[in-house]
Amino acid sequence: MASKKITNMEVKKENRNRIYRYVRKSGIVLNPDIVYELKLSLPTVT
């Protein structure tokens, strides 16, 4: 069974989508809130 490698671009796209969905659901949020809730790094969120 061949495993599919996930590219950097796919990871960035998924992170961006997660952030957009979180902001849309939560309204106005600060970067540290997003970092804590989604367990992403601050540079990723920024």
Side-chain angles (χ1 to χ4, degrees):
M1 186 165 130
S3 62
K4 181 180 182 271
K5 288 209 169 210
I6 298 173
T7 66
N8 249 2
M9 293 302 290
E10 291 171 325
V11 171
K12 287 181 181 182
K13 185 176 180 182
E14 179 61 28
N15 286 339
R16 187 181 318 115
N17 287 335
R18 288 179 64 205
I19 292 167
Y20 286 154
R21 285 192 302 265
Y22 179 74
V23 171
R24 183 173 173 124
K25 179 184 80 166
S26 302
I28 298 172
V29 292
L30 301 174
N31 281 3
D33 298 332
I34 298 169
V35 168
Y36 179 77
E37 289 296 322
L38 299 182
K39 299 189 181 18
L40 298 170
S41 70
L42 186 57
T44 298
V45 171
T46 301

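Since this is a predicted model, take the numbers as computed values, not measurements.
Judged as a side-chain contact (heavy atoms from CB on, under 4.5 Å), and not counting sequence neighbours, the contacts of E37 are Y22. The side-chain hydrogen bond (donor to acceptor under 3.5 Å, both in side chains) test applied to S26 returns no partner, not counting sequence neighbours. For L42, the side-chain contact (heavy atoms from CB on, under 4.5 Å) partners at least two apart in sequence or on another chain are N31, V35, T46.
Within the hydrophobic cluster formed by Ile, Leu, Val, Met, Phe, Trp and Tyr side chains joined at under 4.5 Å, directly or through other members, L30 stands alone, with no partner residue.
Under the 4.5 Å side-chain heavy-atom criterion for ILVMFWY residues, no single connected hydrophobic cluster contains both V23 and Y36.
Looking at every heavy atom in both residues, V45 comes nearest to I19 through CA-CD1, 3.9 Å.
Rounding to the nearest 0.5 Å places CG of L38 at 8.5 Å from CG of N15. Taking OG1 of T7 as the reference point, atom NZ of K13 lies at 10.0 Å (rounded to 0.5 Å). Here K12 contributes atom NZ and M9 contributes atom CE; the two are 6.0 Å apart, rounded to the nearest 0.5 Å.
The salt bridge (charged side-chain N to carboxylate O under 4.0 Å, His left out) analysis of residues 21-36, with sequence neighbours excluded, yields the pairs E14-R21.
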